[in-house]
Amino acid sequence: MRKSKVILLLGTNLGDRDLNLKEALNNIENEVGEIVSKSEIKETEPVGFTAEIDFYNQLLEVLTYLSPIDLLNRVKQIESRMGRVYTTPKQGEKYVSRIIDIDILFYNDLNFQSSVLTIPHPQTENRKFVKLMLNRFSFEVI
């Protein structure tokens, strides 16, 4: 079986943001697959809601044997174990602050849509910081 190349976007704006990213990296390496490269950490303003603390975001290139749905389930388990809680956003807002968010941006060259997952991630084109990070995807090889 061949490994698939996935691009994940990590985001955190609660607690110790550096530590949250490190813990997510460790969990991904242990449970998802080999992290072959990672971007620099970029501090970004929240999109779709207001928050007092900006996000730390990082892109990862990961090689995995997991299928897209298995990958989604695994990253949701990691988020949950790290303390992510899904709450209802304030009226007029789309999102809330979170300890960790792991988005699947790309899975090989796959175009995939189900009731729980869309690849490429539908917000990739709408989020300027994601496009900038992808354009500058000068990854640090691990």
Side-chain angles (χ1 to χ4, degrees), residues 1-134 136-137 139-142:
M1 179 181 237
R2 196 172 135 234
K3 290 183 180 180
S4 295
K5 177 177 132 180
V6 299
I7 305 296
L8 303 177
L9 173 66
L10 308 182
T12 175
N13 79 326
L14 291 177
D16 185 331
R17 297 173 295 171
D18 285 313
L19 186 62
N20 295 341
L21 290 178
K22 286 177 187 169
E23 184 177 343
L25 283 167
N26 286 336
N27 286 319
I28 289 166
E29 187 87 88
N30 291 330
E31 301 176 41
V32 173
E34 176 189 1
I35 300 172
V36 292
S37 55
K38 61 183 180 177
S39 72
E40 292 183 2
I41 296 169
K42 181 167 178 58
E43 190 167 19
T44 63
E45 293 181 2
V47 176
F49 72 105
T50 55
E52 293 180 20
I53 300 172
D54 288 343
F55 276 83
Y56 277 7
N57 293 107
Q58 187 170 35
L59 290 173
L60 304 178
E61 180 181 356
V62 181
L63 297 177
T64 187
Y65 287 115
L66 298 174
S67 70
I69 295 296
D70 289 339
L71 175 61
L72 176 66
N73 291 334
R74 190 68 52 91
V75 299
K76 293 300 176 196
Q77 290 169 0
I78 292 169
E79 289 176 345
S80 177
R81 271 198 330 274
M82 287 184 63
R84 172 139 188 206
V85 178
Y86 286 86
T87 58
T88 304
K90 295 177 188 173
Q91 187 171 4
E93 297 188 342
K94 282 183 85 169
Y95 305 106
V96 298
S97 292
R98 44 212 179 266
I99 195 162
I100 194 68
D101 184 38
I102 306 171
D103 288 337
I104 304 167
L105 299 186
F106 300 100
Y107 186 104
N108 291 330
D109 294 327
L110 183 66
N111 286 303
F112 178 85
Q113 188 158 2
S114 75
S115 61
V116 295
L117 178 63
T118 301
I119 299 173
H121 192 288
Q123 295 299 320
T124 301
E125 285 298 314
N126 301 334
R127 294 185 176 156
K128 185 177 179 180
F129 78 91
V130 173
K131 289 167 53 173
L132 286 171
M133 288 180 78
L134 285 168
R136 295 183 191 158
F137 208 17
F139 282 107
E140 171 189 330
V141 177
I142 299 179

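- For the side chain to side chain contact (heavy atoms under 4.5 Å, CB included) test with L71, the passing option among N73, I69, V75 is V75; the others fail.
- Every residue two or more places apart in sequence or in another chain that forms a side-chain contact (heavy atoms from CB on, under 4.5 Å) with E31 is listed here: N27, R74, I78, R81.
- Among pairs with a residue in residues 103-116, those fulfilling salt bridge (Lys or Arg N to Asp or Glu O under 4.0 Å) read D103-R127, at least two apart in sequence or across chains.
- Considering CD of E43 and OH of Y56, their distance stands at 5.0 Å, rounded to 0.5 Å.
- Within the 4.5 Å cutoff, no side-chain heavy atoms of V6 are placed close to those of L66.
- When N57, N13, D54 are each tested for a side-chain hydrogen bond (donor to acceptor under 3.5 Å, both in side chains) with T44, only one passes: N57.
- Residues G11 and F55 share a closest heavy-atom pair of C-CD2, 4.0 Å.
- The side-chain hydrogen bond (donor to acceptor under 3.5 Å, both in side chains) test applied to K5 returns no partner, not counting sequence neighbours.
- Using a 4.5 Å heavy-atom cutoff, the side chains of I104 and L8 are in contact.
- Listed by chain and number, the residues in a side-chain contact (heavy atoms from CB on, under 4.5 Å) with K22 amount to none (sequence neighbours excluded).
- Ion pairing between R98 and E79 fails under the 4.0 Å rule for side-chain N and carboxylate O.
- Side chain of T64 to main chain of V32: a donor-acceptor pair is present (N/O by atom type, distance under 3.5 Å, no hydrogens or angles).
- With values rounded to the nearest 0.5 angstrom, I7 atom CD1 is found 6.5 Å from S37 atom OG.
- Note: L10 CG to L25 CG = 6.0 Å, rounded to the nearest 0.5 Å.
- With sequence neighbours left out, D16 forms a side-chain contact (heavy atoms from CB on, under 4.5 Å) with D18, L19.
- Counting heavy atoms from C-beta on, the side chains of N111 and P120 come closer than 4.5 Å.
- In this structure, the separation between CG on L21 and CD1 on I41 is 5.0 Å, given to the nearest 0.5 Å.
- Partners of N20 according to the side-chain contact (heavy atoms from CB on, under 4.5 Å) rule, which considers only residues two or more places apart in sequence or in another chain, are T12, M82, I99.
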Item to check | Trace of the side-chain contact (heavy atoms from CB on, under 4.5 Å) decision for R17 with I53 | outcome: CA-CA 10 Å; R17 297 173 295 171; I53 300 172; 3.8 Å; yes
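- One finds the CG atom of L105 at 6.0 Å from the CG atom of L59 (value rounded to the nearest 0.5 Å).
- Taking both residues in full, the closest heavy atoms of L117 and P68 are given as CD2-O, 3.6 Å, listed atom of the first, atom of the second, then distance.
- When every heavy atom of N108 is checked against every heavy atom of S4, the shortest pair comes out as ND2-OG, 3.2 Å.
- Counting heavy atoms from C-beta on, the side chains of E34 and E29 come closer than 4.5 Å.
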